[in-house]
There are 4 protein chains.
Amino acid sequence: MDTRLKPRKTPVQGRSKATCDAVLEAAARILVEEGRSALTTNRIAERAGVSVGSLYQYFPGKEAIVAELIREMRRDMVVLLRRAVDAAATQAFRPAVGTLLAATLDHHTARPELARALEREEEDLPIDMETQVLKAELRGLIAGFLRERGVADAERCAFDLVAMCHGMASAAVRAGQDDTEGLKARLERAVLGYLGRPE
Amino acid sequence: MDTRLKPRKTPVQGRSKATCDAVLEAAARILVEEGRSALTTNRIAERAGVSVGSLYQYFPGKEAIVAELIREMRRDMVVLLRRAVDAAATQAFRPAVGTLLAATLDHHTARPELARALEREEEDLPIDMETQVLKAELRGLIAGFLRERGVADAERCAFDLVAMCHGMASAAVRAGQDDTEGLKARLERAVLGYLGRPE
Amino acid sequence: MDTRLKPRKTPVQGRSKATCDAVLEAAARILVEEGRSALTTNRIAERAGVSVGSLYQYFPGKEAIVAELIREMRRDMVVLLRRAVDAAATQAFRPAVGTLLAATLDHHTARPELARALEREEEDLPIDMETQVLKAELRGLIAGFLRERGVADAERCAFDLVAMCHGMASAAVRAGQDDTEGLKARLERAVLGYLGRPE
Amino acid sequence: MDTRLKPRKTPVQGRSKATCDAVLEAAARILVEEGRSALTTNRIAERAGVSVGSLYQYFPGKEAIVAELIREMRRDMVVLLRRAVDAAATQAFRPAVGTLLAATLDHHTARPELARALEREEEDLPIDMETQVLKAELRGLIAGFLRERGVADAERCAFDLVAMCHGMASAAVRAGQDDTEGLKARLERAVLGYLGRPE
DNA sequence: TATGAATGAGTGTTCATTCAT
DNA sequence: TATGAATGAACACTCATTCAT
């Protein structure tokens, strides 16, 4: 079942790679600019400047394209967060939280609507293994950080914090707010408050 | 444009009302039990025990049905929250927050998956006026409560708190957690923390 | 699995029946006049003077239409053959064989190319239960007749005779021969010869 | 029109020949093992270990490949039957018929499903000249044999006998019977019976 | 000459919506 | 007013065939 969500071939070079990327990028753009209901295979191919046939050469179906976009997003997040966790290791608690939040927001900042759209799609898709692992890793990184800092029930806290930030960031994007700094400040307040460390 | 999201007639009594309700209830059930992709007009009519023709007599289209469900949900929330705000008026801050949260969760508790599904649909639908007003009212009630209690920047806070609770509650439902009490406790912590009043 | 080969509804009256029949008849005509490769759902609908949507209201797919045509054919054959077996009961062996053959050919005579086309299609389709039963019944009727007349290994003989007649009749139709009488005479010779009763 | 069914080049030696053969063999295997619906040019190339481009270098299209397989089959049959007719020349009638039947079955015995599959395909394809000639030759050989033995209306008899044997052999293969000896015996009975020479 | 990426017309199928009964 | 048969645009997806490399 997993194969329906995986690319057919993952070409490493040349024209193939270009086509493959064009398809993914087109899908992303459509999702953001035209909405999920406009995300048809024909439209994707059109915007990618590619034929439908080519699209199907690389992906077994529409869902696989979206799934791949999600995977890319999660992979990026893992990289960013891992880096942030490392950087935070030597910091005091408050600035460390800031570092982590900044990393999380970085991702939302780059293409906020895309992130939101993909997170939405994720809910409708059957969760494939890799995505599941990536999400677990994200929570794991945060939980690890919290545990290290002596926070009790780190797993649960990580879960709640992720959900909380997701909710607030989504709402902000949705409302068209683009004051990332302000958002970050408020998230910091929320997180530290939740953790009982508003000092 | 708004008329596409409104019922054709809002019959207050008799067989008409029954048909109308049957349609709405059928749509709700399908959304929860069979998923959004199963939500077709024919299926709705079938589960409602009504002909498609009748369905179109009361609703101009599929979206109008969903929009009406959303409106119902928001109306319910307004009622619950207004009542809670009244009840909270005489309470100390902490218990007052608890009262408000309880009201908010009440709604999620009754039909959690439906609430989540509708909130998802809401994002895809063009926002009709009434829903917009209802949502503004919800935030207004909370903002009013906060202002009364001397919280600065009450509007913004209300916005964030709603988003925060929405995020955490959704994630909990999604993860299959059904420990409402626990959830409420964590939300309380988050809210009070955010407000800088963890006393 | 069987449901993919069965009609969706078998409407007994009115417009429905007419549409259903029009679809079947159109498919039969296309198969005969335009060939199997022209048998597309859109073409069927077009020739039936009906929309594709209607077609799918009555049949779950293209295969189901063909399967139904086959079933109709087999049902007809069973009726004809049963009647012939009854009529042959009181006849001497030679004329009795003639009666059975006449019945078999009757069917081919009515719409020879259709019969041939359907028999071809039958080989590509997963065999559904009813068709299987009908075919068994056909062979059973012949085997019963043979057994009654003291023919040894009646089952096997029935199998061979059916295959033999099928082969010869098909070839004749294919070659465009339309001398049914002559064909019948030759089949008789073949059958009686095979049975070792050329008297 | 005929050129669409002929190979582009018929290379007699070297790598070309190998490629050509690989394509034909791949097509044959697919037809037998995966069914006619799996017979796509891409799949053929894949199983042949060759690129689609190469496939089209040797054959103008898919049909040409199948047509060539059919021609090969018919050529084989002509060779076998010619040899058998020669061998039968000095035999008495009964054993002579046996010799001819054995030759015919030889062909079916080697790759029964392939023979059946190709005979099926043959019916869908426009008949190209060479195949027509080959089939005429087959009937001619049999008719010649019969005429020599004083059988009246030898042409017609040859036609019927071929059809008869084809029908019975096909049915046997289809039913999964693999008792070639038994089948031969029954065919003999049928043929001799038809010819009125059961002695 | 061989490759295989690219093409796009064509196929099966669905579903929101209409309208004759 | 209620029905449900009919509609057909739109969608996902395939595959024979071409052509730049």
Side-chain angles (χ1 to χ4, degrees), chain A residues 9 11 14-20 22 37-46 48-65, chain B residues 9 11 14-16 19 37-46 50-65, chain C residues 9 11 14-20 22 37-46 48-65, chain D residues 9 11 14-16 19 37-46 50-65:
Chain A
K9 358 178 178 172
R15 217 172 6 155
S16 304
K17 182 65 164 51
T19 301
C20 201
S37 69
L39 195 76
T40 71
T41 47
N42 285 295
R43 184 83 189 97
I44 295 174
E46 188 181 84
V50 149
S51 69
V52 223
S54 288
L55 183 155
Y56 278 95
Q57 201 127 56
Y58 296 103
F59 299 95
K62 189 175 57 157
E63 304 210 321
I65 299 173
Chain B
K9 6 181 171 172
R15 205 157 34 133
S16 303
T19 300
S37 69
L39 194 76
T40 72
T41 47
N42 283 291
R43 183 86 187 96
I44 295 174
E46 187 183 315
V50 154
S51 69
V52 224
S54 291
L55 183 155
Y56 275 92
Q57 200 117 59
Y58 294 104
F59 299 94
K62 188 172 66 156
E63 305 211 320
I65 299 172
Chain C
K9 0 176 174 174
R15 220 175 1 155
S16 304
K17 183 65 165 50
T19 300
C20 199
S37 69
L39 195 75
T40 70
T41 46
N42 284 293
R43 183 83 188 99
I44 294 174
E46 186 181 86
V50 150
S51 69
V52 226
S54 288
L55 183 155
Y56 277 94
Q57 201 126 57
Y58 296 104
F59 300 94
K62 188 173 59 157
E63 305 211 320
I65 298 173
Chain D
K9 5 180 170 174
R15 205 157 37 133
S16 301
T19 300
S37 69
L39 195 76
T40 71
T41 46
N42 284 291
R43 183 87 187 94
I44 295 174
E46 186 184 316
V50 153
S51 71
V52 225
S54 291
L55 183 154
Y56 275 91
Q57 199 118 60
Y58 294 104
F59 299 94
K62 187 172 67 155
E63 304 210 321
I65 299 173

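Quick caveat: nothing in here was measured; it's all calculated off a predicted structure. Numbers restart at 1 for each chain; the letters A, B, ... are given by sequence-line order, proteins then strands.
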C:F59 CZ to F:dA5 P: how many Å, rounded? 14 Å
d(CD, D:E46; P, F:dA16) in whole Å: 13 Å
Roughly how far, to the nearest 0.5 Å, is OG1 of C:T41 from CZ of C:F59? 13.0 Å
Could you pull out the closest heavy-atom pair between D:A45 and D:S51, with the gap in Å? CB-C, 3.9 Å
Out of E:dT3, E:dT7, F:dA2, which nucleotide sits closest to the side chain of B:Q57? F:dA2
Just jot down the salt bridge (Lys or Arg N to Asp or Glu O under 4.0 Å) partners of A:E63, sequence neighbours excluded, or say none. none
Both distances below 3.5 Å, Watson-Crick or wobble geometry, any strand: find the nucleotide opposite E:dT21. F:dA2
Search all heavy atoms of C:A22 against all heavy atoms of C:A48 and return the closest pair with its distance. O-CB, 3.5 Å
Starting at CD1 of B:I65 and ending at P of E:dT17, how long is that distance when rounded to a whole Å? 9 Å
Looking at C:Y58 and C:C20, what are the two nearest heavy atoms and their distance? CB-SG, 4.3 Å
Would you indicate, yes or no, if F:dT3 has its OP1 or OP2 atom less than 4.0 angstrom from a side-chain nitrogen or oxygen of B:S51? yes
Between the protein and nucleotides 12-15 of chain E, list every N/O to N/O distance that falls short of 3.5 Å.
from   : atom 1 : to    : atom 2 : distance (Å)
E:dG12 : OP1    : C:K62 : NZ     : 3.0
E:dG12 : OP2    : C:T41 : N      : 2.7
E:dG12 : OP2    : C:T41 : OG1    : 3.0
E:dT13 : OP1    : C:R4  : NH2    : 3.2
E:dT13 : OP2    : C:Y56 : OH     : 2.7
E:dT13 : OP2    : C:K62 : N      : 3.3
E:dT13 : O5'    : C:Y56 : OH     : 3.2

For C:L39 and C:K62 the tightest heavy-atom approach is O-CD, 3.1 Å
To the nearest Å, give me how far apart CD1 (A:I44) and C1' (F:dA10) are. 15 Å
Looking at A:K9, I'd like to know whether one of its side-chain N or O atoms comes within less than 4.0 Å of OP1 or OP2 on E:dA5. yes
Counterpart base for F:dC15, defined by Watson-Crick or G-U wobble contacts under 3.5 Å: E:dG8
